[in-house]
A.B. asks: 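Here it is, the structure, as structure tokens.
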Amino acid sequence: MPASNKPERQGPSVSPQEALDFHSTGRPGKLEITPTKPMATQRDLSLAYSPGVAVPVQAIAEDPSRAFDYTTRGNMVAVISNGTAILGLGNLGALASKPVMEGKSVLFKRFADVDSIDLEVDTEDADAFVNCVKLLGPSFGGINLEDIKAPECFIIESRLRELMDIPVFHDDQHGTAIIAVAGLINALHLTDRDIKTTKLVCNGAGAAGIACIELAKSLGLAPENVFLCDTKGVVYKGREQGMNQWKSAHAVETDKRTLAEALEGADVFFGLSAKGALTPAMVQSMAKNPIIFAMANPDPEITPEEVAEIRTDAIMATGRSDYPNQVNNVLGFPYIFRGALDVRATTINDAMKVAAAEALAELARQDVPDDVAAAYQGNRPKYGPNYIIPVPFDPRLISAVPVAVAKAAMDSGVARRPILDMQKYTNELSARRDPLASTLQRIYDRVRRQPKRVVFAEGEEEQVMRAAASYVNQKLGTAILVGREEQIRETARHAGVDLSKSGIEIINARLSRRNAIYADYLYERLQRKGYLFRDAQRLINNDRNHFAATMVALGDADAMVSGVTRNYSTVLDDVRRVIDARPGHRVIGVSLALCRGRTVLVADTAVHDMPNAEELADIAEEAAGQARRMGYEPRVAMLAYSTFGHPPGERSDRVQEAVKMLDKRRVDFEYDGEMAADVALNSSLMQQYPFCRLSGPANVLVMPAFHSASISTKMLQELGGSTVIGPLLVGLNKSVQIVPLNAKDSDIVNMAAIAAYNAAV
């Protein structure tokens, strides 16, 4: 194993006042309740409450399982604590634990779209606590126990698991264990160790420590190679002082009595104890390539800096966000409950925990997308000693961990509603985190059935290489990188991008055997536009957009993507020298806006500055065609500042004229205008105009000018929280898409898939 670099602090510091301001500013706390059904009319109220609510009440009385269908139960987890072991702060009581429990509930929603509410139970009596939670059980689909001291936490969880038919999960125990074991799997892999012969020492015999070694044993760690230690030393067979039934279960036959003795020659240290518990001398005594998980909070048993001073071969993890390899429970509990809820599991068993740990370990070995690098100030993690555990903002967690947990629940017989189509389920999970995922999924599925050759014009850019690799890995087709092969491979090597897979090609424009043919083709197109042959040859040799576009024009590739290093209009000019508009079509830009579950296409967002009536009519036809290609039946609204003639104005007149032109063309889609945006999108407002020809809210918006299109889509993103993709280039004779400057690899892959999709339809 290569020597690890000295770790650097990487997380932000937080001042006490900043934390107080965060929790008190605006509406105090971190949660609110938002209705999921409209409450705008008397009929809405009648359905939501009396008399309509009586119908689901009777249905649930007849069949209690219908509560999952008619109420929030199937997506609701209670986060429950008595505040006897708050973070690293100790027993501060139930009320003091509320900020932590609210935070936990927020994380459930943020990372896995699980609704959650915090409950603080003001008792330290285990019987009273169990009775309270048991009686509240019908309200929830799962129970997340939190910050309860040992040994009561063992008793409470065990009894509730027996009494309740929903998952009960003490996250301080099992969440920590799952993340730690995921890191352990990869650390063992990097150090070429066999878990069956690995020696592990765990310091800390509380809830988390015992859960960690139990889960590690379930993966194959031999019981005789596991040494549990507490403040009184090694837990050995025959010890009487400070023992309980949970410690006794992990007692071993040994003559070692202290932590220092147990660590001599040890492969792994798990620390769930206190600052300073692990000394440099103890670290020095461990085996080659020691694995040290110092997980005490808020300060680890030993810091990565201290370890680095004496061991350059160690792999380290802590519980802190300002060091690499954070053992962070947010990687586990939201996704574990997501999978458990989705199959209506009766419990979270060992098989589900192991599955979650293995899924996390596997994810850390994969190439990291730009989204993760962006969340960490451009620092791109790469599998190795300083990256053995995924980071919390990895968008792939939502589609990796719940699937593994759901499968394990089904295989182990605790799922009440098995999932029949796992691929569909995976797609639905991605859509919970990324609103684009569901919209793009059918595009991806179509391209996989008809894979296409896509040329990535800016092949020497790192994010373009990552996008090309992802395009191939997702079985969308062949990726062609244009650039100098030596430069591309060197950049890829430094970035950790694997370009050796079948399906990735590299073409140097100057060395291409098709170079002369491309130059002849371009010269024939440009010779009457002031270009000499040498000008055409220079463009083919030196400009990758012209080279890539010519590849597509002559059928050597099906589609093209560019734009990372040049602005949109420049790339479009380059492409238009090579590729014409489709006969009878107009080239436009269409943006896809997704907000609050609605998808709307906006046009023209790229090409026409101030379109006249004829151009507006053409734009409407092109946008409607794109909507159909993406699976939507178009309802086109021709937008203006006015609605059906009021207030009047010259610009509205152009829109009215465009509508008349569409009438004459007898197009086969719904359209109307001119109308304001609120009328176009709001069915209630639209009903004020009974003559309006749209059957419902518009899903295609034709803007009266480029400036209004650009302003509105950017405002939707910044103020409305919308996700906007595009502009998609529509109307060319060949399939080309242009990404924004400095686009992320995920954006480039999406555009490549759309380009391939358009090449197929």
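Predicted model only: the values in this text are computed from it and were never measured. Reckoned from all heavy atoms, side chains included, excluding hydrogens, waters and symmetry mates.
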A.B. asks: How about Glu224: does its CD atom have over 12 heavy atoms from other parts shown lying under 6.0 Å from it?
C.D. replies: yes
A.B. asks: For the side chain of Asp172 and the backbone of Gly175, is there at least one donor-acceptor N/O pair under 3.5 Å apart?
C.D. replies: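 It does not hold such a pair.
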A.B. asks: Working to the nearest 0.5 angstrom, can you tell me the gap between Asn91 CG and Ile148 CD1?
C.D. replies: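 Answer rounded to 0.5 Å: 11.5 Å.
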A.B. asks: Closer than 4.0 angstrom, basic N to acidic O: yes or no for Asp394 and Arg396?
C.D. replies: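 Counted as a salt bridge, because a side-chain N and a carboxylate O are separated by less than 4.0 Å.
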A.B. asks: Output yes when Asp313 and Arg311 qualify as a salt bridge under the 4.0 Å nitrogen-oxygen rule, no when they do not.
C.D. replies: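 Counted as a salt bridge, because a side-chain N and a carboxylate O are separated by less than 4.0 Å.
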A.B. asks: Is there side-chain contact between Ile336 and Met352, with heavy atoms separated by less than 4.5 Å?
C.D. replies: no
A.B. asks: Without swapping roles, check the side chain of Arg338 against the backbone of Pro402 for a donor-acceptor pair under 3.5 Å.
C.D. replies: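 Judged by distance alone, no pair lies under 3.5 Å.
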A.B. asks: Determine, step by step, whether Glu261 and Asp255 satisfy the side-chain contact (heavy atoms from CB on, under 4.5 Å) criterion, reporting the C-alpha distance in whole Å, the side-chain angles of both residues, the deciding distance to 0.1 Å, and the verdict.
C.D. replies: CA-CA 9 Å; Glu261 291 173 354; Asp255 57 359; over 6 Å; no
A.B. asks: Quick one: do Asp118 and Lys104 satisfy side-chain contact (heavy atoms from CB on, under 4.5 Å)? Show the steps, please.
C.D. replies: CA-CA 8 Å; Asp118 62 293; Lys104 195 88 171 189; over 6 Å; no
A.B. asks: Any side-chain heavy atom of Met76 sitting closer than 4.5 Å to one from Ser139?
C.D. replies: no
A.B. asks: Is atom CG of Leu135 surrounded by more than 12 heavy atoms (other residues, nucleotides or ligands) closer than 6.0 Å?
C.D. replies: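 More than 12 heavy atoms, drawn from other residues, nucleotides or ligands, come within 6.0 Å of this atom.
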A.B. asks: Measuring from atom CG of Leu145 to atom CD1 of Ile156, what distance do you get when rounded to the nearest 0.5 angstrom?
C.D. replies: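 One finds 7.0 Å between CG of Leu145 and CD1 of Ile156.
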A.B. asks: Donor-acceptor pair, Glu301 side chain versus Ala296 backbone, under 3.5 Å?
C.D. replies: yes
A.B. asks: Go through it in stages, so that I can follow the logic: the residues are Val168 and Glu157, the test is side-chain contact (heavy atoms from CB on, under 4.5 Å), and I'd like the CA-CA distance, side-chain angles, deciding distance and then a yes or no.
C.D. replies: CA-CA 7 Å; Val168 178; Glu157 186 192 44; 4.3 Å; yes
A.B. asks: Measuring only between side-chain heavy atoms, which start at C-beta, is Ile398 closer than 4.5 Å to Phe111?
C.D. replies: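 Of all side-chain heavy-atom pairs linking Phe111 with Ile398, none is under 4.5 Å.
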A.B. asks: Using the six-membered ring wherever Trp is involved, compare the ring planes of His174 and Phe169 and label them parallel, tilted or perpendicular (cut-offs 30° and 60°).
C.D. replies: tilted
A.B. asks: How long is the span from the OG atom in Ser273 to the CG atom in Leu278, to the nearest 0.5 Å?
C.D. replies: 8.5 Å
A.B. asks: To check you understand the geometry: which heavy-atom pair defines the closest contact between Ala317 and Val327, and what is its length?
C.D. replies: CB-CG2, 4.1 Å
A.B. asks: For the residue pair Leu331 and Pro390, what are the closest heavy atoms and their distance?
C.D. replies: CD1-O, 3.2 Å
A.B. asks: So, the side chain of Arg73 versus the backbone of Pro138: is there a donor-acceptor pair under 3.5 Å, distance only?
C.D. replies: yes
A.B. asks: Donor-acceptor pair, distance only, cut-off 3.5 Å: does the side chain of Ser158 make one with the backbone of Ile155?
C.D. replies: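 Such a contact is absent between Ser158 side chain and Ile155 backbone.
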A.B. asks: Look at the side chain of Ser248 and the backbone N and O of Gln245, then say whether any donor-acceptor pair between them is shorter than 3.5 Å.
C.D. replies: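 Side chain of Ser248 to backbone of Gln245, a donor-acceptor pair under 3.5 Å: no, none is there.
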A.B. asks: Could you tell me whether Asp498 atom CG has more than 12 heavy atoms of other residues or ligands within 6.0 Å of it?
C.D. replies: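 Yes - once you tally the heavy atoms of other residues, nucleotides and ligands closer than 6.0 Å, there are more than 12.
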A.B. asks: Side chains of Phe140 and Met164, heavy atoms from C-beta outward: is any pair under 4.5 Å?
C.D. replies: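 Result no, sub-4.5 Å side-chain heavy-atom pair not found.
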A.B. asks: Rounded at 0.5 Å granularity, tell me how far OG1 in Thr176 sits from CG in Leu215.
C.D. replies: 11.0 Å
A.B. asks: Donor-acceptor pair, distance only, cut-off 3.5 Å: does the side chain of Asn82 make one with the backbone of Ser97?
C.D. replies: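 Not at all, since once roles are kept as given, no pair shorter than 3.5 Å links the two residues.
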A.B. asks: Please confirm whether Lys256 makes a cation-pi placement over Tyr236, using NZ or CZ under 6.0 Å from the six-membered ring centre and within 45° of the ring normal.
C.D. replies: no
A.B. asks: Verify the neighbour count for atom NZ of Lys275: are there more than 12 heavy atoms of other residues, nucleotides or ligands below 6.0 Å?
C.D. replies: no
A.B. asks: To the nearest 0.5 angstrom, please state how far the CG atom of Asp171 sits from the CD1 atom of Ile178.
C.D. replies: 8.0 Å
A.B. asks: Can you label the angle between the Phe337 ring and the Phe108 ring as parallel, tilted or perpendicular, going by 30° and 60°?
C.D. replies: perpendicular
A.B. asks: Testing Thr318, Leu200, Ile388, Ile179 one by one against Phe293 for a side chain to side chain contact (heavy atoms under 4.5 Å, CB included), which residue passes?
C.D. replies: Ile388
A.B. asks: Which pair of non-hydrogen atoms, one from Val181 and one from Ala357, has the smallest distance, and what is that distance?
C.D. replies: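 Val181 and Ala357 have their closest heavy atoms at CG1-CB, 4.1 Å.
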A.B. asks: Tell me, yes or no, whether the heavy-atom count around Lys247 atom NZ, taken from other residues, nucleotides or ligands under 6.0 Å, exceeds 12.
C.D. replies: yes
A.B. asks: Can you confirm whether more than 12 heavy atoms, excluding those of Asp421, are under 6.0 Å from its CG atom?
C.D. replies: yes
A.B. asks: For Phe270 versus Cys212, what's the shortest heavy-atom pair and its separation?
C.D. replies: CD2-CB, 3.8 Å
A.B. asks: How about Arg416 and Val343: do any of their side-chain heavy atoms sit closer than 4.5 Å?
C.D. replies: no
A.B. asks: How close do Leu341 and Val77 get, counting heavy atoms only, and between which atoms?
C.D. replies: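 That would be CD1-CG2, 3.9 Å.
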A.B. asks: With distance as the sole test, does Arg161 use its side chain to make a donor-acceptor pair with the main-chain N or O of Ile348 at under 3.5 Å?
C.D. replies: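 Present.
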A.B. asks: Under the 3.5 angstrom rule, does the side chain of Glu102 hit a backbone N or O of Lys30 as a donor-acceptor pair?
C.D. replies: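 Checking the backbone N and O of Lys30 against the side chain of Glu102, a donor-acceptor pair under 3.5 Å is found.
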A.B. asks: Short question: side chain of Arg365, backbone of Tyr383 - any donor-acceptor pair under 3.5 Å?
C.D. replies: no
A.B. asks: Under a 3.5 Å cutoff, is there a donor and acceptor pairing between the side chains of Thr123 and Asp125?
C.D. replies: no
A.B. asks: So Thr279 and Ile302, side-chain contact (heavy atoms from CB on, under 4.5 Å) or not? Walk me through it.
C.D. replies: CA-CA 7 Å; Thr279 67; Ile302 192 169; over 6 Å; no
A.B. asks: In Å and rounded to the nearest 0.5 Å, what is the NE2 to CG distance from His189 to Leu184?
C.D. replies: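 Spacing of NE2 (His189) from CG (Leu184) equals 13.0 Å.
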A.B. asks: Can you tell if the side chain of Pro280 reaches within under 4.5 Å of the side chain of Glu309, non-hydrogen atoms only?
C.D. replies: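 Result no, sub-4.5 Å side-chain heavy-atom pair not found.
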A.B. asks: Is the closest side-chain heavy-atom distance between Asp147 and Met101 below 4.5 Å?
C.D. replies: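 Yes. Closest side-chain heavy atoms under 4.5 Å.
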A.B. asks: Does the side chain of Pro223 come within less than 4.5 Å of Lys217's, by heavy atoms?
C.D. replies: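 Touching, per the 4.5 Å side-chain cut-off.
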A.B. asks: Before accepting this row, confirm whether a basic side-chain N of the pair Asp342/Arg417 lies closer than 4.0 Å to the acidic partner's carboxylate O.
C.D. replies: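 Salt bridge: no.
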A.B. asks: Which atoms form the tightest heavy-atom contact between Pro385 and Asn325, and what is the distance?
C.D. replies: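 Looking at all heavy atoms of both residues, the closest pair is O-ND2, 2.8 Å.
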